[in-house]
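Take a look at the structure set out below.
Note: hydrogens, waters and symmetry copies are ignored here, and every other heavy atom, side chains too, is used. The structure presented is a predicted model; accordingly, all values stated were derived computationally and were not measured.
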Amino acid sequence: MSLSALPPPGLAFQGWSGACTGLDPNGCKVTMNADTKVKASFSK
């Protein structure tokens, strides 16, 4: 599965945590073979 993060107006994408890491808002790839948590962080 591939995820992307689209920040709300006025916020900037800061990175991923959990099952994937990095600073590319289009670059999170997750292999789903069990319950998995992924978090996208944003800041002003």
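Contact detail for A5 and P7: the closest heavy-atom pair is O-CD, 3.6 Å. Taking all atoms of both residues into account, the shortest heavy-atom contact from V38 to L3 is CG1-CD1, 3.9 Å.
The hydrophobic clustering, which links ILVMFWY residues whose side-chain heavy atoms are closer than 4.5 Å, places F42 and L6 apart.
Rounded to the nearest 0.5 angstrom, K39 NZ and S17 OG are separated by 5.5 Å.
For the pair L11/S43, no side-chain contact is recorded, criterion being any heavy-atom separation below 4.5 Å from C-beta on.
Judged purely by atom type and a 3.5 angstrom limit, W16 has no side-chain atom pairing as donor or acceptor with the backbone of S41.
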